[in-house]
Number of protein chains: 2
Amino acid sequence: MTMSNTGGRRKPPTIHDVAREAGVSRGTVSRVLNGGHYVSPAAAEAVNTAIRKTGYVVNRHARSLITGRSDSVGFLLTEPQERFFEDPNFNVLLRGCTQALAAHDIPLLLMLAGTDDERRRITRYITAGHVDGVLLVSSHSGDPVAEELRAAGVPLVACGKPIGLGSKVSYVAADDRDGARDMVRHLLALGRRRIGVVTGPLDTPGGVERLAGYREVLSEAGMEIDERLIVSGDYSRASGEAGAERLLARAPDVDAVFVASDLMAQGVLTALHRAGRRVPDDVAVGGFDDSPAAVAASPELTTIRQPWDRISAEMVRVLLAQIGGEDPAAVILPTELVKREST
Amino acid sequence: MTMSNTGGRRKPPTIHDVAREAGVSRGTVSRVLNGGHYVSPAAAEAVNTAIRKTGYVVNRHARSLITGRSDSVGFLLTEPQERFFEDPNFNVLLRGCTQALAAHDIPLLLMLAGTDDERRRITRYITAGHVDGVLLVSSHSGDPVAEELRAAGVPLVACGKPIGLGSKVSYVAADDRDGARDMVRHLLALGRRRIGVVTGPLDTPGGVERLAGYREVLSEAGMEIDERLIVSGDYSRASGEAGAERLLARAPDVDAVFVASDLMAQGVLTALHRAGRRVPDDVAVGGFDDSPAAVAASPELTTIRQPWDRISAEMVRVLLAQIGGEDPAAVILPTELVKREST
DNA sequence: CATGCTTCTGTGAGCGTTCACAGTAGAGAA
DNA sequence: TTCTCTACTGTGAACGCTCACAGAAGCATG
């Protein structure tokens, strides 16, 4: 009966088959496929029914060969991969980008640049024009891949403000500084006056900005900044724990801690618990990221949510615009304070 | 100075440029590119230096146009996406597949079939031959996308035993039954005799197999199976909690619980704690998956680790073999018992 | 009636590669 | 020498599409 369903794949219909079926020329079919300008309604109709009837799908390879576009974009992760792949926000980002691109019928190629070998291969792949643009996840300062892509003129949109790439590269980021400001203001509003901070790594824009927000709000409140209340971490849980211990040793009267990531905040909670401080009664704790760690913690963490769904949508929007010839752009999106038990 | 670095992308060199540079014909360059058979060492050498000198990278579109292959594969997720995207094992799988493919210079296209619209688009994209094969993640029984792809003769490898797809589709899975057997044997070895089980959904192979392993071991030990000790869940944390409560009500003398997922096991721990049972003193608890939930739990969960890194590698291996013309194959990989505090 | 303009349509060329085929050169055998 | 065989090389055609161009048809304007 249905021989078509058994065994190998059949040769798909070409634009030629559609043209014959519709009684028009290749050119007309092509025009219908690409926007339908300069096509009579009758011809367009005939072509569309022929497309449905034959089950025609454009051969992207043939199209790309002549247009020079690939109609696909790469999602490049040059971050040490373990860290980001375990971050649920990364999942949201990846999923969001894939879906936003799918709406434009653009496939997403996942590229992981872990080893130097992979880095080389991917760079060559991209610069050879096999993708039209790249969505970049990399907080690596002075990332050689990113630099090379930028130099080659590949449309590029980074997630988060990239370091050392000049102003020529687009990026989409959450407003770290403003998020930090919100949190510190929140702690002040609760009546806390000895507010400590466990920063992120200060060689990343995120780390710097979040600390800057902390300083700004305290200054604006007319408070003098006590450098003993500032300790730095590296976003890891362990560094949060160590940071809190240093903080307690240096300033035992601390009554609130703004922690630059939820994971570190978990460590801070552990250290505070061990030191016999009650949260939030003795010390209020604010995190950053609104990761699952925030709700898994006890008490559940008050934190700053980054709009990851909007970030992915904006990254795709900016990238497509740039592929379309527009200039690089920076987009900063607002964060949101999520109040829970820890403050 | 370096005009090449400013502005747009330059036109990349073609096989023609390489041929001219090397003083040979297109055909010879092509032969070097594809295995180098029937090429004199001198010519091969000349071509290779010309490739390096010109920075030539093959134009995959042109190649695909004539070979009919795309030299790319799709990673298709038809699962309700939230669930899998939050599963860290999914990350390991996705990363593993990407890297295994990268070793063969094959890009991975991420495809998420959430809505019906996406489903249609993706099906058409794949059956049109835009990917050579598909890595499928779907526990959805009777998945229409998978069925359509199978019918169209698209090489397909599923992660986990697929339901209702006949025997014609390859899959790679962990040995659920054997994993369950290991865990129950472990509980028996600890001297437990009233071993309950919270199963996974029994319309999935995983759920069925894990329960089967439980039954087998108890039967082999000459014990009679008490159906009151068997309650079913749906892998969610909440269902674990509810399951444990039912178990305690029906068989208060239970001294161990084998739970078919770590997430459910967390729920079980919560319920046991609330009921005043100590773990593992009063009741030993064994999970399944070795997800981060296992170490996040207190006490840390004894669990069954699925070899996700090997699963991804095998999926890619089987898919490439199938693309190469081999018959579909099923691969079952062994699991590993990870002992922690809960038993 | 010619002229121009707009809207529409068909045609040939070409994108960069692989593949089949025809050919060349050199070695060894008759 | 001549033939055959092997190892290698070059060439034209094709893959399926888009693009530029030429031309046709319709309509208003001079």
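In what follows, chains carry the letters A, B, and so on, assigned in the order in which the sequence lines appear, proteins first and then strands, with residues in each chain numbered from 1.
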Q.
When you measure from the side-chain N and O atoms of B:Ser40 to the phosphate of D:dT9, is any distance below 4.0 Å, counting only OP1 and OP2?
A.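 For B:Ser40, the contact criterion (side-chain N or O under 4.0 Å from OP1 or OP2 of D:dT9) is met.
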**Q.** Distance test, side-chain N/O of A:Ser30 to OP1/OP2 of D:dC17, below 4.0 Å
**A.**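 Checking A:Ser30 against D:dC17: no side-chain N or O falls below 4.0 Å of OP1 or OP2.
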Consider the side chain of [X], meaning its heavy atoms from C-beta on, and name the nucleotide among [options] that approaches it most closely.
{"X": "B:Val58", "options": "D:dT9, C:dT17, C:dG16", "result": "C:dT17"}
{"X": "B:Ala43", "options": "C:dT9, D:dT9, C:dT17", "result": "D:dT9"}
{"X": "A:Pro41", "options": "C:dC8, D:dC17, C:dT9", "result": "C:dC8"}

From [atom1] ([X]) to [atom2] ([Y]), nearest 0.5 Å:
{"X": "B:Met315", "Y": "B:Cys159", "atom1": "CE", "atom2": "SG", "value": "5.0 Å"}
{"X": "A:Arg63", "Y": "A:Asn34", "atom1": "CZ", "atom2": "CG", "value": "5.0 Å"}
{"X": "A:Ile311", "Y": "A:Ile332", "atom1": "CD1", "atom2": "CD1", "value": "9.5 Å"}
{"X": "A:Arg317", "Y": "A:Leu319", "atom1": "CZ", "atom2": "CG", "value": "11.0 Å"}
{"X": "B:Met111", "Y": "B:Leu136", "atom1": "CE", "atom2": "CG", "value": "11.5 Å"}

Q. Between B:Ser170 and B:Pro328, which heavy-atom pair has the shortest distance, and what is it?
A. OG-CA, 3.0 Å
Measure [atom1]/[X] against [atom2]/[N] and give the value in whole Å, please.
{"X": "B:Ile66", "N": "C:dT17", "atom1": "CD1", "atom2": "P", "result": "11 Å"}
{"X": "A:Ile15", "N": "C:dG14", "atom1": "CD1", "atom2": "P", "result": "19 Å"}
{"X": "B:Tyr38", "N": "C:dC21", "atom1": "OH", "atom2": "P", "result": "15 Å"}
{"X": "A:Leu33", "N": "D:dG16", "atom1": "CG", "atom2": "C1'", "result": "12 Å"}
{"X": "B:Lys11", "N": "C:dC15", "atom1": "NZ", "atom2": "P", "result": "6 Å"}
{"X": "A:Arg63", "N": "C:dG16", "atom1": "CZ", "atom2": "C1'", "result": "18 Å"}
{"X": "A:Leu65", "N": "D:dC19", "atom1": "CG", "atom2": "P", "result": "12 Å"}
{"X": "B:His61", "N": "C:dT18", "atom1": "NE2", "atom2": "C1'", "result": "16 Å"}

**Q.** B:Arg121 vs B:Asp116, salt bridge (charged side-chain N to carboxylate O under 4.0 Å, His left out): CA-CA, chis, key distance, verdict
**A.** CA-CA 9 Å; B:Arg121 201 205 324 275; B:Asp116 277 350; over 6 Å; no
**Q.** Polar pair under 3.5 Å, donor/acceptor by atom type, side chain B:Arg31, base D:dG10
**A.** yes
Q.
Does anything in residues 16-29 of chain A come within less than 4.0 Å of DNA chain C? Heavy atoms only, and list the residues if so.
A.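 Output list: A:Val24, A:Ser25, A:Arg26, A:Gly27, A:Thr28.
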Polar atom pairs (N or O), protein with nucleotides 22-27 of chain D, under 3.5 Å:
none

Q | 5'-most by nearest nucleotide on DNA chain D - A:Asn59 or B:Ala44 | A |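 Between the two, 5'-proximity favours B:Ala44.
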**Q.** Residues B:Lys11, B:Asp17: salt bridge by 4.0 Å N-O rule
**A.**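 So B:Lys11 does not pair with B:Asp17 through a salt bridge.
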Q) What class does the angle between the rings of A:Phe75 and A:Phe90 fall in, given that below 30° is parallel, 30 to 60° is tilted and above 60° is perpendicular? A) perpendicular
Q. B:His61 vs A:His61 aromatic rings, parallel, tilted or perpendicular, using cut-offs 30° and 60°?
A.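 Correct class here is tilted.
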